[in-house]
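Working notes for the structure below.
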Amino acid sequence: MASSDMSSEPLLRATNVHKRFDSVEVLKGIDLDVAQGEVVAIIGSSGSGKTTMLRCINLLEEYDDGEIHIDGETIGYRIVGGVRKRLRESAIADQRARIGMVFQGFNLFPHMTAEQNVMLGLTKVQKMPKAEARDRAVHWLDRVGLAERREHYPYQLSGGQQQRVAIARAVAMDPRLVLFDEVTSALDPELVAEVLSVMKSLAESGMTMLVVSHEMLFVRDVATRVVFMDGGRIAAEGPPAEVMGNPSSERLRSFLGRFHGLFG
Amino acid sequence: MIDYQFNFDVIWRNWDNFLGALGMGLGLAAASLTLGAILGLGLAAARISGKRWLDRPVWLYVELVRNTPLLLLIFFVYFGLPEIGIYVLDKYHSFILTLTLYAAAYMCEVFRAGLTSIPNGYLEAGKAIGLRPAQRARYVMLPMMFRITLPAMSNNFISLFKDTSLAAAIAVPELTFTARQVNANTFRVVEAWLTASILYLAAAYLIAWALRRVERRYAMIR
Ligand SMILES: Nc1ncnc2c1ncn2[C@@H]1O[C@H](COP(=O)(O)OP(=O)(O)O)[C@@H](O)[C@H]1O
Ligand SMILES: [Mg+2]
């Protein structure tokens, strides 16, 4: 891999990523590039490996084969004498700090206020002085429309508000790439829009995003590229209008057909 | 009994002794709980380490201690250790050591349960912002575990406080011992035991009340 020539590589490059749980192969050779500033949406039915792919990128799962590069650097492993060796936990933590992740279940630290949730990574990982970290936290909480809720604990916030805090927590770290895993799936329908609108504004500000979502209208409007995963492989890929407007396979057509009426 | 004449004068005359004895019991319990919690946390960490050579011995220790009567442990440490050449402890330190070892076994299980009950998503959120393992332990696991286990720790503290009565067996002048002395000296049997019981009850109740306030202060889901 031409990891020495960083300028030629996109921000994220995954090549031939394989992941197996016991005997079941869940990722069967994923090749995926994400360039700086792109918003790539991953769609596909449940169990097709979308979550697993994101988790491999953020090193929450160890991938078995292939390579994942961020800015040309192999993450999670180094090759010693032709053998893959998992990096030490501290090195992995440093690599993770460059990638943000927002989870379906929010996962805000329940014993911390919204502001403390956002500040934790800034003060402990980035070693930012408290006052500066607080300013940064307030700035991002303001960006997600929650400046006046910064002293609230997670249990005092609605699901949509918690998810917006979680987004602020991820992006405040100034990550190179932010991963979103079905971040509106656990929300009541009336709370989905507030989260999607925050994500849309982040996309418009130039943030590089890899978004797993079933919100097809959002995907069509916001994504620069759509990836359709099926059975652990990428089965189709291209601009939203192409992939969704003119499905290339029966599988994709039937998947999209479940979101009836949207692409008629 | 029917003719028993209550006379609480002896109690008032010995009131300072009773209060001192109560303070002694509370102090013994607090010291043992604190040291036991620290040791118990280390033991719990060993139990969830996933390393058999750490987990198994700690499991054995916990089972042994929890299935041995406390009084026997007290005698073993106080009378047994000098037999095998360890003379360093007076009765107070001997008792604190015993109660600490005893509390640690129970706290180990409380902490282990608390740690394993933390949903994995919080740890992954900590990983995702780049916290290192020690930082995840310090800023995510321990504070959550502390809050989850507070009610169990409160119960343990009250149990340990009541268990300090067993220190009477090695003549530590706590409440039970003091009550026995007062009734031996004055023959006011009922008054002495009644006073001790009421003091135990009042103290346990006050502790429970105070700890419930702490629990409410730190509850994560209200
Ligand atoms: N920790 C795990 N252990 C075993 N199997 C898993 C695990 N995580 C996911 N899987 C399996 O991997 C497949 C892909 O899961 P996932 O990546 O969550 O799909 P998606 O996010 O597209 O719904 C599913 O069949 C799932 O059951
Ligand atoms: Mg998923």
Side-chain angles (χ1 to χ4, degrees), chain A residues 51 54-55 57-61 88-113 116-127 152-156 162 165-181 186, chain B residues 37 41-42 44-46 48-51 54-55 107 110-154 211-222:
Chain A
T51 295
L54 291 196
R55 291 170 59 83
I57 294 170
N58 208 14
L59 305 171
L60 294 175
E61 302 286 358
R88 279 177 299 112
E89 269 291 315
S90 54
I92 284 177
D94 293 345
Q95 293 183 330
R96 282 193 190 115
R98 290 188 265 150
I99 306 166
M101 182 151 187
V102 186
F103 302 86
Q104 183 173 343
F106 330 138
N107 298 346
L108 291 182
F109 306 123
H111 57 291
M112 294 182 190
T113 62
Q116 289 167 334
N117 263 278
V118 180
M119 285 174 66
L120 184 66
L122 299 174
T123 53
K124 303 308 173 192
V125 177
Q126 298 188 355
K127 314 283 185 203
H152 288 225
Y153 285 88
Y155 74 91
Q156 298 169 312
Q162 288 187 55
V165 174
I167 292 172
R169 176 174 69 180
V171 296
M173 296 290 289
D174 217 356
R176 296 285 289 137
L177 167 71
V178 187
L179 311 171
F180 295 81
D181 189 11
Chain B
L41 189 59
I48 63 166
S49 66
K51 298 189 175 78
L54 273 174
D55 172 18
M107 296 310 289
V110 167
F111 289 149
R112 188 189 58 77
L115 287 171
T116 51
S117 76
I118 297 173
N120 206 24
Y122 298 116
L123 299 178
E124 294 194 334
K127 289 180 180 178
I129 57 173
L131 292 177
R132 292 171 174 227
Q135 293 175 318
R136 297 198 293 269
R138 166 75 184 77
Y139 300 110
V140 182
M141 293 189 80
L142 286 180
M144 289 190 70
M145 183 210 72
F146 171 71
R147 286 162 173 82
I148 292 168
T149 59
L150 251 182
M153 281 199 282
S154 303
L211 290 175
R212 252 199 312 278
R213 289 183 62 100
V214 176
E215 284 168 30
R216 226 173 296 146
R217 160 90 174 70
Y218 283 106
M220 288 179 289
I221 294 128
R222 274 166 280 196

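Chain A is the first sequence line, chain B the second, and so forth, proteins listed ahead of strands; every chain is numbered from 1. When reading the values below, keep in mind they use all heavy atoms of this one structure, side chains included, and skip hydrogens, waters and symmetry mates. Here the structure is a predicted model, which means the values were calculated and not measured.
- Side-chain contact between B/Phe111 and B/Met153 is present, with at least one heavy-atom pair separated by less than 4.5 Å.
- Nearest heavy atoms, B/Ala137 versus B/Pro143: O-CD, 4.1 Å.
- Ranking A/Glu89, A/Gln95, A/Lys124, A/Met112 against chain B, the residue ahead of the rest is A/Lys124, based on heavy-atom pairs under 4.5 Å.
- Note on A/Ile99, A/Leu179, A/Leu108: by heavy-atom pairs under 4.5 Å with chain B, the leading option is A/Leu108.
- With a threshold of 4.5 angstrom between heavy atoms, B/Arg138 does not approach chain A through any atom at all.
- Using a 4.5 Å cut-off between heavy atoms, B/Arg147 touches chain A through its side chain atoms alone.
- Interface remark: of the candidates A/His111, A/Met101, A/Arg55, A/His111 forms the most heavy-atom pairs closer than 4.5 Å to chain B.
- Only the side chain of B/Gln135 comes within contact range of chain A, judged by heavy atoms closer than 4.5 Å.
- Using a 4.5 Å heavy-atom threshold, the side chains of A/Thr51 and A/Gln104 count as separate.
- The CE atom of B/Met141 lies 5.0 Å from the CG atom of B/Leu123; values are rounded to the nearest 0.5 Å.
- Minimum interatomic distance between B/Ala152 and B/Val110 (heavy atoms only, all atoms of both residues): CB-CG1, 3.7 Å.
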